[in-house]
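A short worksheet on the structure shown next.
Residue numbers count from 1 along this sequence. None of these values were measured; they are calculated from a predicted model. One-based numbering, in listed order, for ligands and for the atoms of each.
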Amino acid sequence: MGLPDEPVFLRSNAIIEPLVDRFFAWMHIIAPVQASMNLANLQVPLLESYLQNPQVHLAASRNPALRGGYFVNIEESRSNEVADLLDGIKRDRADMLTFAAAVAEAESMLEQQATGFDLTPLYPKLPAALNGLVELAYDTNNQPSMRYIEPLVYTSPVYDRGRQSVQLSLDNGVERPFILSTPRLPGPDVLDLPRRFDHPGLDALFAARTAPTTLAALREALELDDAQAAQLATLLSDRPSLAPDRHIDSGGRIRYFGHACLLLQTPEVAIVTDPFISTDNRHGDRYTIDDLPDRIDYVLITHGHQDHIVLETLIPLRHRIGAVVVPRSSRGNMCDPSIGLYLKAIGFNVIEVDDFDEVPFEGGRIVATPFLGEHSDLDIRAKSTFIVQLAGASAFIGADSSGIDPVLYRYIRNHLGKVDMAFLGMECDGAPLTWLYQGLLTRPVTKKMSDSRKLSGSNAKQAADIMQELDADEAYIYAMGEESWQGHVMATTYTEDTYQLKQIDEFLGWCTDHGITAEHLFNKREWRW
Ligand SMILES: [Fe+2]
Ligand SMILES: [Fe+2]
């Protein structure tokens, strides 16, 4: 780059990896109750296991058959850095580790002493770390539980942004390794900054995709030293790379950006669902960050899984999003962190919705609709499908919701009328309970039990039932994690013989037999009317 005061833009293939304790950040390692449990029960034991035997972890990380397993993919020569990281966690995260131990202690105390009688005498027996942060309650079957008063926990020492950091680098198109289990260490091609996710300098940086700034201004906004500013300069360009057709001036348009991400547009409004967008614009086989409109009125989040709330896409868009529409949680269940609180704490404007709540906009509306299953039978309410009506068309945004009980979709149809296009996820052989929720479990589950409770969406029969109940004209299968730029989060490996793909074929055949237009989406697709 040239002089510090020349106009510059941020390259479209500049990526940000938001980290907490150097782990790739997602809801269950940021929302403080769940983050404490994951830190104590998963991350610390994982790092300890690595330090005992780095070579086993390295070999397992590189074994394709174990893709997506919880192994640390770091060379043994850098194990001293992992040891330093672990020491830092034990030193700086003592409040979280104490909190997690208190949860386990309190749960076993309740198990023994909450026997259907008055709970008042049990409050003094709670570990001090939980004082003021939980309410004890029975359900109507006298089963006791703790309700975490989550907004308070966010103001307690358990929520400390001090160990948030970001890594900025260029996406060189090489498939990234599975990222959820390996701490990201600093590297020569990476600008590693200890900044909170809500740091305003990050918004200044990403605003430079659509409007010019200067290196000097970015340096000040991000509080960089000379070496860091030189590294930042490699992420900048003297011209923008925005797509000229990113806005429309009449009618309606939907574009599929891969996985569960859709852009629904009219001249007046832009809505993006579950943003997870490629930054690599060299291929032409996909829409990228360059194809997004300059302003996004609403982002719709369907649920909290790590492939549906993707901070490396969301943080760069934060400054141009009007509001993120999120499903309301049950407020306080261990397994059900509030998506709203989580995103607010990172600096987003949030609208929380419940089933059948509406968000009107010029020429249309967003309606939250129920989401069924796909969460290992845990009592998780923070999940929603949506019906979006715009420019005279309606689309059902089904995400991973399943057809376990298809009658539910009849209620949606009765309440909101017929749907034109249904976007359905068919990941019908999902990961087992423990893959995602192990850290939150305070009682062990058997492998057999865990394997019986998968994170599964609809199979062919269930998808067909949904189509019949919704009375939808067109079916589009999406959210399968098949696109090449998602592997670091998804760890999916499909072959021709994969059960899910066979189920999709069966469903497509059913659609043909019933005169329904249907398609299995991959990479990119556009609908215009
Ligand atoms: Fe999911
Ligand atoms: Fe998903």
Side-chain angles (χ1 to χ4, degrees), residues 24 26-29 31 34 67-68 178-180 256-262 272-278 299-314 326-327 329 335-337 339 342-343 368-386 396-404 408 422-440 450 453-459 462-463 466 476-494 498-501 503-504 507 520-523:
F24 189 75
W26 73 287
M27 185 163 65
H28 283 203
I29 71 162
Q34 294 71 23
R67 192 152 184 260
F178 180 65
I179 206 170
L180 292 184
Y256 173 64
F257 276 63
H259 198 52
C261 184
L262 298 159
V272 179
T273 69
D274 292 340
F276 187 1
I277 296 175
S278 177
V299 162
L300 309 186
I301 295 291
T302 59
H303 62 300
H305 289 157
Q306 78 285 357
D307 52 319
H308 295 263
I309 305 183
V310 183
L311 291 185
E312 68 174 51
T313 297
L314 277 171
V326 306
S329 75
C335 62
D336 192 20
I339 297 175
Y342 161 60
L343 290 178
T369 44
F371 181 128
L372 198 60
E374 207 258 329
H375 288 64
S376 299
D377 298 326
L378 291 169
D379 185 12
I380 292 173
R381 321 279 177 85
K383 52 184 186 177
S384 182
T385 59
F386 295 94
F396 174 65
I397 311 299
D400 296 330
S401 182
S402 89
I404 321 165
L408 173 120
F423 293 90
L424 305 176
M426 288 187 63
E427 167 46 297
C428 45
D429 186 24
L433 166 72
T434 50
W435 188 74
L436 207 57
Y437 298 109
Q438 173 81 61
L440 306 184
S450 173
R453 290 168 56 183
K454 290 190 167 173
L455 292 137
S456 287
S458 296
N459 60 23
Q462 291 167 338
I466 291 174
Y476 297 101
I477 305 310
Y478 80 143
M480 299 301 293
E482 294 168 282
E483 286 86 9
S484 62
W485 59 92
Q486 300 153 0
H488 59 297
V489 174
M490 299 297 299
T492 38
T493 28
Y494 291 133
T498 303
Y499 172 73
Q500 293 92 321
L501 300 189
Q503 286 291 302
I504 289 175
F507 172 67
H520 174 184
L521 301 180
F522 180 66
N523 272 14

2.8 Å shell around the Fe ion (ligand 2), exclusive bound, protein N/O/S atoms: 3

Validation row: Phe396, Phe423 side chains within 4.5 angstrom (heavy atoms): no

Minimum side-chain heavy-atom gap Ile309-Ile339 below 4.5 Å: yes

Interatomic spacing from SG in Cys261 to CG in Leu300 - rounded to 0.5 Å: 10.5 Å

Parallel, tilted or perpendicular: which one describes the rings of [X] and [Y], with boundaries at 30° and 60°?
| X | Y | result |
| --- | --- | --- |
| His259 | Phe276 | perpendicular |
| His488 | Phe24 | perpendicular |
| Phe371 | His375 | perpendicular |

